[in-house]
Each structure stands twice: as C-alpha cells, then as structure tokens.
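Values below: all heavy atoms of this structure, side chains included; hydrogens, waters and symmetry mates excluded. Nothing fancy with the numbering, it's 1 onward along the sequence. Source: prediction; values computed, not measured.
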Amino acid sequence: MHGETDTLRRHLWAAVLRRRVPQWLAALAPLAVALVLLHAARPLVIAAILPWAIWLAVDIYRWRLRIKREWTSWLNAAIPALEDSSTLLAADATTPIAKLQQQRLQARLASVLGESVYRGIARSRVRISIVPVLLSLAAAGAAWGYHGKQTAAVATIAASQPVKPIVDGEIYLRVTPPAYTGVQPFETAARDILVPQFSEVRWCVRNPSGPQPAVELGDGLSLPVTEACAMKRVEESLFWRARGKNGTRYNIRVTPDQAPQVTIIEPTELIHILAKDAKTVQISVAARDDYAIVRASLHMTLARGSGENIRFSDREVPLPQSSDPKVRNWKKQWTLAELGMEAGDELYFFVRATDNSPDNPHTTQSPTYTLRLPAPEAESLDSTALPSIAKPENLRSQRQIIIDTEQLVADMQAHPNMPAATLRERSESIASDQAKLRLRYGQFLGEESSLFGDEHQHEGEGEDRHGSKPGFGNDMSVLKEFGHAHDQEDNATIFDPKTKAVLKRALSAMWDAEKSLRAISPKPALPPEYKALDAIKELQAAERIYLHRTAFVPPALKEEKRMSGDIVGVLSYKRAQGSAGDTVPAEVRELVQALSQDGALPALWSKAARDTIAARITDQEQKLSAQRAVQDVQDGCVPCRGELRAWLRGTLVDAPVLLQARPSTDTPFRQAWNGKEQPK
C-alpha cells in the first residue's frame with residue numbers, strides 16, 4: 001500500500017513542478033541576461049541571484065511538505081467518486097471492512113485518475129505570482145544603472161590615459177593642469193587631448209635617437225624638444241605636429257574656466273511687492289561653478305524715506321559653504337525685523353560670487369531684485385516726487401473722481417429716466433473737480449493756474465478785469481512793457497524729460513476725461529481717467545530709484561598742469577577720431593589678392609595671416625581650421641590657397657567702415673558747372 005501512496009505523491013509532485021518551474025525560470029531570466037551582458041555589474045547580479053536560490057530552495061521544501069500533508073484532501077476535492085475516503089489510502093487497513101473499502105477506492109482510482117486529473121489538481125492548488133518576476137526586473141534595472149555609471153567612469157579614466165603606449169624615440173606629452181582645477185597631471189602618447197585652460201603642456205622624447213626633434217604649433221611657433229622638454233602654457237586651442245610636412249596633426253582643445261552661475265530662486269520677480277500684513281519673506285539663492293567657489297555673498301541695500309530725504313543702508317551677508325565646493329545653495333526665511341524693513345521701505349539685493357582662479361578670477365553678479373513693503377495709502381500727493389504746495393480742502397483726488405464717475409454711470413443704468421438737469425449737474429461737478437486737479441498738475445509744467453481764483457475770467461476785449469483800458473500807469477501794461485513773463489511751459493521745472501513726459505500724459509488724459517464729462521458722457525470718460533491714474537501711480541513709483549554707480553571717473557590731472565591753462569593731454573580720455581589707417585591692413589589685402597593666383601606670396605605672409613586669424617576669429621574650431629589652412633599653404637599645397645583665401649575674406653566682414661571726406665579740386669569750370677545746376 002505504501003508503494004501506491006508514494007506513486008500518487010510522485011505524480012502530484014511532478015504536476016506541481018510543471019506548474020512552478022516556469023515561474024522560477026521567469027524570475028531567473030532577467031538576472032541571467034544581466035549576468036551575461038553587464039560585465040561591470042556582475043558582482044551585483046550575483047548578489048541578486050543568491051536570494052533567488054534561497055527562495056527556490058524554500059519553495060521546493062514548502063511544496064513537498066504541503067503535498068505530503070494535503071494530498072488526500074486534494075484527491076477528495078478533485079475526484080467525487082472517492083466519497084471523501086482517500087485517507088484510507090494513506091494507512092494500512094486493520095479490519096475487513098477497511099480492506100474492502102481500500103480495494104474499492106483503488107479500483108476507482110485506476111479507472112478515473114489520469115494525467116489530466118493531476119494537471120487539474122496542480123492548476124487549482126498552485127497559484128502564479130508576478131511579485132518574484134518584478135523583484136528580479138528591479139534588480140536587473142539596478143544592475144543596468146550601476147553598469148552605466150561604471151562604464152562612464154571607466155570611459156572618463158580611459159580618456160585621461162594614453163590610448164597607446166609611449167614608444168622610445170617618439171614625442172609624448174606631459175600635461176600639468178592648474179592646481180585650482182583639481183585635475184591630476186598625466187602623460188600620454190601623441191593624440192588629441194582635452195585640457196583645462198592655462199595648463200602646462202610639455203613635449204618630451206624618451207630615449208631620443210637621430211636629429212633633434214622639434215614641435216610645430218598651429219600659431220607658427222617651432223619648439224625644439226630638448227632633454228628638459230619643450231613647454232607651453234596653453235590658453236586657447238591649438239594643434240601641433242612633429243617637424244616635417246608629413247607629420248600627423250594632433251589637437252589640444254582647451255576647456256575655458258567658466259564664470260560662476262548665480263541664480264535667484266526666490267523671489268521670482270525682479271520687483272516683489274510684499275503684502276501689507278507680511279511679517280516674513282523668503283530669499284533663496286544658488287551659485288555654481290565648474291571648479292570651486294571661494295567667495296559668495298548677498299548684498300542688501302535698504303532705502304527709507306521719501307522725496308529728498310531718502311537714506312540708504314548697506315549690508316553684506318556671506319553665503320555659507322556646502323559639502324560640494326562647486327555649489328553654494330542658501331535659503332532663509334527672513335523676518336522683516338531682521339531686514340529692518342518698515343512700511344514704505346524698499347530692499348534691494350543681489351548675489352555676487354567669485355571662483356577660485358588665482359590669476360584670472362571670475363566674478364558674477366546677479367540682477368538687482370527689489371522687495372517693496374507698501375506704505376499706507378494716502379489720497380494726497382504729498383508722498384510723491386512732486387513738490388508740496390498748499391492744497392484747498394475741496395480738491396479731490398483722481399481716484400475719487402473715478403469713483404464718482406463710476407457711480408454716475410451706475411445710476412444712469414439703474415435709472416434710465418434720470419432728469420437731464422440732475423445728470424448735467426452731476427457730470428459738470430465731476431468735470432469741475434477734474435479741471436481743478438488738471439490745473440494743479442499743470443503748475444508743475446509751468447502752466448498758468450487759476451486754482452485759487454476765479455477759473456473763468458470774464459474780460460472784455462481791450463480791458464483788464466477791473467474794466468480799465470490799457471494805457472500809461474496801468475499795472476498790467478507796465479508789467480508787460482518793463483517786466484518779464486512767467487516761465488515758459490516745459491522750462492519751468494527741474495524735472496527730467498521722462499518725468500515731464502509722464503506729466504504730459506496725465507494732463508492729456510485728464511483733459512480728455514474733462515471733455516467727455518462736459519459733454520454729459522460719463523462712460524467714455526472712464527478710460528482716460530484710469531489712464532491718468534496710471535500715470536500718477538507711475539510718478540509715485542518713480543519717486544525712489546536705486547541704481548548702481550556707473551559714473552565715469554576721468555583720470556587725475558598732473559599737478560604741473562593745474563592752473564596753467566595748458567589742455568594738451570588733459571582730454572586724452574576722450575575717444576580719438578577714426579582715421580583712414582583703421583581699415584583693412586594693406587598686407588592682408590595684398591595676401592588675399594596673391595592667394596587668388598599661383599605666383600609667389602608676399603614676404604612674411606604667414607605672420608600676417610596668423611595675426612589676422614588670431615585677432616578676428618573667436619570660435620576655437622574655426623580658428624584651428626584656419627590655422628591648418630595656413631600650414632598647408634606653407635607646406636606648398638597650391639589647391640589649399642582657396643581655402644585660406646576664404647578664411648581671410650571671412651574675417652574682413654566686421655572690418656571697421658569709416659566715412660572719409662573725399663578731396664576735390666575747386667576750379668572755375670566746376671564753379672560754373674555748379675552755378676548752372678542751381679535752380680533759377
């Protein structure tokens with residue numbers, strides 16, 4: 001009986017294995033692929049396969065134990081003909097009835113139990129889970145990322161190492177980057193390299209044999225390679241070759257030291273207006289450099305006061321260092337008390353950062369940002385940039401005029417049958433207020449104002465306001481004859497042209513609004529009223545302007561020239577007038593003409609060509625190509641002349657153009673001819 005029981009268990013185990021093996025292989029497949037393809041990440045993949053092997057062993061043990069414990073219940077559930085008596089098959093029968101029942105069950109199993117039943121039991125009992133597969137894919141993805149990082153690191157290291165061994169008798173390079181860059185010195189055989197700016201490049205020969213070697217550079221220099229090597233401090237990209245026409249050219253490309261990048265993260269606006277009830281403000285800045293930042297600071301200037309009574313106070317806050325010397329990120333939630341800000345104050349701040357270059361340090365300064373804390377609103381103009389004058393009690397502001405006009409328009413819509421007399425009276429009243437405000441602003445442009453007297457002077461023609469006729473002894477006639485008129489418009493104030501333009505725009509808008517109100521048309525008067533209000537607000541905002549000092553400081557005069565009246569050399573700081581010699585140099589013009597032919601080139605043509613290329617071509621790759629063309633022509637390549645000529649002609653696009661007077665001879669014939677051409 002035990003033999004038959006073992007046979008049943010083996011068949012069930014085989015069915016479970018057929019169900020579980022695909023899942024085991026699916027979880028192993030990503031790891032196996034990663035193990036084969038990702039060489040740099042093999043230790044990581046092997047570490048991930050170990051948990052898979054442990055999971056496989058635990059899973060096999062769990063299912064064998066489960067089959068041993070639950071195989072009878074599986075048979076009862078799958079085969080109803082067993083009448084839930086399959087437990088009798090697991091033990092020896094001790095009674096005749098038990099033996100009879102075992103024989104009946106064995107007979108039924110022989111006729112019913114087959115491979116399809118085993119597969120059905122396995123399908124119902126063994127569930128497929130995708131969790132192991134997902135975990136395996138995640139491990140393979142991590143291995144892929146690790147492999148990419150390792151490959152990039154290896155590529156970077158390989159790029160800084162010689163791609164071929166240094167051979168005796170051949171020229172090789174010793175590169176010593178500046179110490180502040182942190183790049184390690186290295187040696188390499190002859191090949192294209194990329195070095196930091198201001199690196200020292202030495203050309204050396206190990207165990208030289210034969211004639212003394214020399215290196216020809218792209219800028220025309222020729223350096224003999226001695227026992228101490230040939231050295232050059234590289235500031236811009238160049239190429240070199242061993243002496244000889246057939247030498248291979250190798251490029252030395254230079255990575256310039258970049259200036260720091262400064263960013264103001266918060267606030268995002270150049271002019272940030274704080275809320276009236278604000279208590280704090282956050283300032284967040286970031287600075288980054290390609291090598292290191294040695295100094296970074298936040299400069300703040302607080303402006304307080306109005307009109308001519310404005311006080312400025314400066315403050316500098318150094319930015320703290322971070323773990324990465326290339327980056328300085330700083331964020332702080334300032335309270336207005338820490339900044340010293342009160343209502344109506346403005347805070348101007350910018351960030352300045354300097355890199356670690358010892359010889360040519362780069363300093364970058366961010367734009368100036370403004371934090372503005374609004375002052376309590378006041379309807380009067382006493383807080384503006386305009387002078388203070390006595391103001392009558394009944395003078396209304398532009399905002400009040402807008403409110404009155406909007407109320408009148410709303411009343412007209414709500415009461416279409418408003419009496420015409422009431423409408424006229426209210427519109428005329430608003431127009432009168434607008435006229436008074438216009439006249440007050442007109443004073444600042446030199447206009448005559450009757451704000452404090454009768455606005456409409458009813459004077460008869462030829463009479464003054466008292467009815468007297470002009471004549472001797474009359475005050476007005478005496479003033480007109482012997483006195484002087486008031487200041488003319490546009491010349492009566494000390495305002496700058498921009499402020500005058502804003503004032504004129506405000507007065508023009510007020511006049512348009514007044515005309516509409518006089519015509520009993522309140523609604524068309526609203527747009528010019530708002531335009532006038534915007535101009536007034538612009539004047540108020542321009543009251544306090546913060547500018548960096550950029551004034552020109554002329555050179556100091558010599559003591560012996562003071563009080564002497566001698567101005568020779570005093571005006572030397574002024575820009576000299578251009579002359580005819582500032583045009584294209586004659587040697588370059590002759591060289592361009594000579595390159596279009598096959599004849600001999602002018603003397604010292606290579607120096608003129610290289611000087612022109614160095615002075616007028618800024619792109620490093622284009623400069624290298626132009627210098628190669630010079631060297632090819634110098635080697636005797638006649639077809640290469642066209643390429644060099646094209647490079648030289650391309651450098652003359654931005655040549656200065658001077659307008660020079662052409663001399664002409666004034667002869668009697670020319671005078672007669674010019675007189676003939678004049679219209680009669």
message: In the structure I gave you, are the side-chain heavy atoms of Q212 and T226 within less than 4.5 Å of one another anywhere?
response: yes
field: Under 3.5 Å: donor-acceptor pair, side chain of S284, backbone of I265
entry: no
task: Apply the test side-chain contact (heavy atoms from CB on, under 4.5 Å) to residues M300 and V317: give CA-CA distance (whole Å), side-chain angles for both, the deciding distance (0.1 Å), then the verdict.
output: CA-CA 8 Å; M300 297 183 290; V317 179; 3.7 Å; yes
query: Do I193 and R191 touch side chain to side chain, with heavy atoms closer than 4.5 Å?
result: yes
task: Mark yes when over 12 heavy atoms from residues, nucleotides or ligands other than W144 sit less than 6.0 Å from its CH2; otherwise mark no.
output: no
- line: d(L270 CG, Y369 OH) to nearest 0.5 Å is 5.0 Å
query: Rounded to the nearest 0.5 Å, what separation is found between the OH atom of Y348 and the OG1 atom of T368?
result: 10.0 Å
field: Within the 6.0 Å centroid threshold, strictly below: Y291 and Y180
entry: yes
task: Can you see which heavy atom on A594 is nearest to which on R641, and at what distance?
output: O-NH1, 4.0 Å
- prompt: Is the closest side-chain heavy-atom distance between V285 and T263 below 4.5 Å?
  reply: no
- request: Please examine the side chains of D219 and F239, heavy atoms only from C-beta on, and report whether any two atoms are closer than 4.5 Å.
  value: no
message: Would S237 and K623 count as a side-chain contact (heavy atoms from CB on, under 4.5 Å) here? Give the steps.
response: CA-CA 8 Å; S237 299; K623 184 177 293 186; over 6 Å; no
Distance-only side-chain donor-acceptor flag, Q631 / R249, under 3.5 Å: yes
query: Is there a side-chain contact between W647 and I617, using heavy atoms and a 4.5 Å cut-off?
result: yes
- line: Closest heavy-atom pair, D324 versus S322, reported as atoms and distance to 0.1 Å, is O-OG, 2.9 Å
query: Are there more than 12 heavy atoms of other residues, nucleotides or ligands under 6.0 Å from atom CD1 of I46?
result: yes
query: Taking the side chain from N251 and the backbone from R253, do they hold a donor-acceptor pair closer than 3.5 Å?
result: no
query: Are the charged groups of D635 and R241 less than 4.0 angstrom apart, N to O?
result: yes
Would you mind writing out the side-chain donor-acceptor pairs for residues 194-201 within the sub-3.5 Å range, not counting sequence neighbours?
| unit_1 | atom_1 | unit_2 | atom_2 | d |
| --- | --- | --- | --- | --- |
| Q197 | OE1 | D257 | N | 3.3 |
| Q197 | NE2 | E235 | O | 3.0 |
| S199 | OG | P196 | O | 2.6 |

query: Are E316 and S297 linked by a side-chain donor-acceptor pair shorter than 3.5 Å?
result: yes
task: Indicate the atoms forming the closest heavy-atom contact of W334 with R315, along with that distance.
output: CZ3-NH2, 3.7 Å
More than 12 heavy atoms from other groups under 6.0 Å of CG on L134: yes
- prompt: Do L274 and H272 have side chains that get closer than 4.5 Å, going by heavy atoms?
  reply: yes
- request: Quick one: pull up CZ in R174 and SG in C204 and give me the separation to the nearest 0.5 Å.
  value: 4.0 Å
query: Should we say atom CD of Q333 is surrounded by more than 12 heavy atoms from elsewhere, each under 6.0 Å from it?
result: yes
statement: To the nearest 0.5 Å, atom CD1 of I283 lies from atom CG of L347 at 6.0 Å
More than 12 heavy atoms from other groups under 6.0 Å of CZ on R288: no
field: Which atom of A189 lies closest to which atom of L173, heavy atoms considered
entry: O-CD1, 4.2 Å
message: When you compare the side chain of L298 with that of L319, does any pair of heavy atoms fall below 4.5 Å?
response: yes
field: Donor-acceptor contact below 3.5 Å, side chain D355 vs main chain H362
entry: yes
query: Can you tell me if CZ on R295 sees more than 12 non-hydrogen neighbours from other groups inside 6.0 Å?
result: no
field: Cation-aromatic face contact R206/Y172, 6.0 Å, 45 degrees
entry: yes
field: Full working for side-chain contact (heavy atoms from CB on, under 4.5 Å) between T301 and F349
entry: CA-CA 6 Å; T301 300; F349 70 92; over 6 Å; no
query: Do you know the tightest heavy-atom contact between I171 and A242?
result: CD1-CB, 4.1 Å
Atom pair CG (L601) and CG (L604), whose distance is rounded to the nearest 0.5 Å: 12.0 Å
- prompt: Should D611 and K607 be marked as a salt bridge (charged side-chain N to carboxylate O under 4.0 Å, His left out) after you check the CA-CA gap, both sets of side-chain angles, and the distance that decides it?
  reply: CA-CA 6 Å; D611 292 345; K607 181 180 183 303; 2.9 Å; yes
query: Do K331 and E266 sit within salt-bridge range, that is, some charged N less than 4.0 Å from a carboxylate O?
result: no
Rounded distance (nearest 0.5 Å) linking atom CZ of R645 with atom SG of C640: 15.0 Å
message: I'd like to know whether R610 forms a side-chain contact (heavy atoms from CB on, under 4.5 Å) with Q627, so could you lay out the CA-CA distance, the side-chain angles of the two residues, the decisive distance to 0.1 Å, and finally the verdict.
response: CA-CA 7 Å; R610 288 192 173 95; Q627 290 176 349; 5.5 Å; no
Whether over 12 other heavy atoms sit under 6.0 Å from Q321 CD: no
Side chains of K232 and W203 in contact at under 4.5 Å (non-hydrogen atoms): yes
Under-4.0 Å salt bridge between R628 and D632: no
query: Which heavy-atom pair separates L644 from A626 by the least distance, and what is that distance?
result: CD1-O, 4.4 Å
